[in-house]
Amino acid sequence: MIFRKFQAGTCRAWLRRVSLRQELCFSSSSTVPPQPVPPLAQTLQGYLTALEPLLPPEELSHTRRMVQEFGRPGGLGSRLQDGLEKRARLTKNWISPWWTQWAYLESRQPLPVHSNPAISLPRRDYNGWKSQLVFASKLIAAVLDFKAKINTGQLPVEYMRGKPLCMELYPLLFSSCRIPGPKHDYVAHYGRSRRMPTHITVVRNYQFFQLEVYNSDGSRMTESQIHSQLLRIRSQSWKTDKEPMGILTSEHRHTWGAAYNRLLRDKLNKESVRMIETGLFSLCLDSPVMRISDEKYASRKAAQILHGGGTFSNSGNRWFDKTLQFVVGEDGSWGLLYEPATAEGPPIATLLHHILEYCEKPDPKRAPLIPLLMPKKLYFHIDREIKRDIENAKQNLDILINDLDVNVFNFKKFGKDLPKQHNLSPNSFIQVALQLAYYRVHNEVCVACDIASQRMFRGGRTEYIRSPTNETLKFILAFDDPSVSREAKIQLFREAVDAYTALTQQVLRGYGIDHHLLGLKLQAIEEGMSIPKIFMDTAYGLATHWKLRTGQVPANTDSVMCFGPLVPDGYAICYNPQADHVHFSITAFNCCEETHAETLALTLKNTWCQLQELLQPTV
């Protein structure tokens, strides 16, 4: 017993030294500039311009008068702008904490589908549990190697367009977890504590295990050590009749908050939950994805990472509040699920890139000949109330999963090289094409958001690039009009793509409109005012009803990101453009009769082919 205490003490002393180096490493974030508060007049004009393709003239005139009143010199808008500028002077970032609170922590929607993005990676070349555990061991070692680079200051500062990016998110990815509350959630970061966690959580057949991943001297366990521990976990988790405790985390946040408090009344439950929450990350060892056809396998695989496939599949192997969850299936499927209040796309892409590179290398270290402690199984005391909570959560999650239509496909005729050949931005090309495809299905354009990073600013997170633009609408109306010449269509298409590129550049300079408008609204609430009329206007409701939620995967590998729509009558479209092909995932809710993921996917494929024909006619 004394020996074990000495082991733990030695390990934690090492981790405290690492923590100091980590702080020194990420002090470089102070070199990036603060996020500017955009000029009020510029944002209000941008807002009106964004409404032009969406509103009839009489409604636009009404909103223009309201916006002009709000923005007049010395008016309400000016007062709120002054408040935001003062907030910017006194805080690290004037909008990021508000955005995280408003967009994530105050949302009461379930985390699966509605919030947590999933990334599905190319299937590994194996089938069976033995190879599953070998790869899982490699993956754990790769993630620990990435964490070591963060801890020791070896992770290079990232740059975008020659400018350094804020690196503050990286240390927060590990040993963090979202905690449910009655009105809003909060995120607990256990990696900052004096007794830094040294374990991960492994889940198999709905059973959770605490797996220590560091030796007594603070060194990381080798792949062979981890593999031997995973074999032990498998031998202790063969039963398949266990209650799926993780399902509770899939509930509506208010419901889960109440169940969470009931669960933690029991000491055993509290200890088990704390072990899951404090772990560096979670590893989910899933049973195989049902394979109906090769065509639908990609969609099923992405859905499996996103929500676990349902209560009769792997959904009980998730703890949706956890910031990082790696999923490894018996059939070679694998991926990652992350909680976006703490994590976001580009840092996750950097982590995945490191994992893929690491997995190509042989195990660099021999396993030391020391006995390993048995992985600790986490037990729960389930009373009648908790049993009822689990049954309700199972029902609700299956309803949510059955309501989600997921369509993943690989468009192979061309990739981002085609727009580049014509001096067009690939991302802007895709965004205009999405609007055209949507118009062809629904006979209208719709409000769309594309997520752009703001990490070029201190403490920056994300901002929306919104569409459609006036130029996009003009191009869409001309594209299927036979009276418009090919040359005119190409010119209109180029203008639409260039207009979106200009919007992108404006957002990357810190002058997006959506977070600024949100900030003005929240500043009014902060000062105890009534919500300004501009935000009660039907136009603002329309402008923030995001029927197209889009996102680009910034990765050089054939990965597919997937998440659910923001609104019941909308779509979510993720895309990963490679040189000669593009991966897409489209989701929609079955409960909405107007939206259909497969129809939009077929239309998008057809639209892409026609855009290629427009730019490079075969005749």
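As a basis for the values below, the full set of heavy atoms in this structure was taken, side chains included, without hydrogen atoms, waters or symmetry mates.
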Which residues share a side chain to side chain donor-acceptor pair (under 3.5 Å) with [X], sequence neighbours left out:
X      : value
Arg388 : none
Thr255 : none
Tyr338 : none
Ser287 : Asn314

List for me each residue that meets side chain to side chain contact (heavy atoms under 4.5 Å, CB included) alongside [X], sequence neighbours excluded, and say none if there are none.
X      : result
Met160 : Leu165, Ser453, Met456, Leu508
Lys239 : Asp241, Lys242
Asn261 : none
Asn205 : Gln207, Thr240

Qualifying ring pair (Phe, Tyr, Trp, His ring centres under 6.0 Å) pairs with a residue from residues 188-213, counting only residues at least two apart or across chains
Phe208-Trp319

Regarding [X] and [Y], is there a side-chain donor-to-acceptor distance under 3.5 Å anywhere?
X      : Y      : answer
Asp321 : Thr249 : no
Thr152 : Gln154 : yes
Gln225 : Asn215 : yes
Glu223 : Ser137 : no

Mind checking whether [X] and [Y] have side chains closer than 4.5 Å, heavy atoms only?
X      : Y      : answer
Met245 : Asn269 : no
Cys177 : Ile276 : no
Lys92  : Glu168 : yes

Drop me the distance from Ile401's CD1 to Phe312's CZ, to the nearest 0.5 angstrom.
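Between atom CD1 of Ile401 and atom CZ of Phe312 there are 11.5 Å.
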
Just to verify, which of Val273, Ile390, Asp266 counts as forming a side chain to side chain contact (heavy atoms under 4.5 Å, CB included) with Phe380?
Val273

In this structure, which one of Pro122, Ser333, Cys562 forms a side chain to side chain contact (heavy atoms under 4.5 Å, CB included) with Lys301?
Ser333

Which word best sums up how the rings of His354 and Tyr358 line up, parallel for under 30°, tilted for 30 to 60°, or perpendicular for over 60°?
tilted

Once you measure the plane-to-plane angle for Phe174 and Phe281, does it fall in the parallel (<30°), tilted (30-60°) or perpendicular (>60°) bin?
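Answer is perpendicular, since the angle exceeds 60°.
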
Indicate yes or no for a side-chain donor-acceptor contact from [X] to the backbone of [Y] under 3.5 Å, with no hydrogens or angles considered.
X      : Y      : value
Ser120 : Gly335 : no
Arg123 : Tyr126 : yes
Arg204 : Ser237 : yes
Thr323 : Glu339 : no
Thr100 : Ser96  : yes
Ser176 : Ala188 : no

Counterpart residues, salt bridge (Lys or Arg N to Asp or Glu O under 4.0 Å), relative to [X] (two or more places apart):
X      : value
Lys387 : Glu243, Glu391
Glu330 : none
Asp185 : Arg108, Arg178, Arg253

Taking the six-membered ring of Trp99 as reference, does the NZ or CZ atom of Arg461 fall below 6.0 Å from its centre and within a 45° cone about the axis?
no

Check Arg318 with Asp286, please: is the shortest side-chain N to carboxylate O separation under 4.0 Å?
yes

Presence of salt bridge, Arg265 and Glu385, under 4.0 angstrom
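Counted as a salt bridge, because a side-chain N and a carboxylate O are separated by less than 4.0 Å.
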
Which heavy atom of Ser559 sits nearest to which heavy atom of Leu121, and what is that distance?
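Shortest heavy-atom contact: CB-CD1, 3.8 Å.
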
Over 12 non-hydrogen atoms of neighbours within 6.0 angstrom of NZ in Lys270:
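For Lys270, atom NZ is not crowded (no more than 12 foreign heavy atoms under 6.0 Å).
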
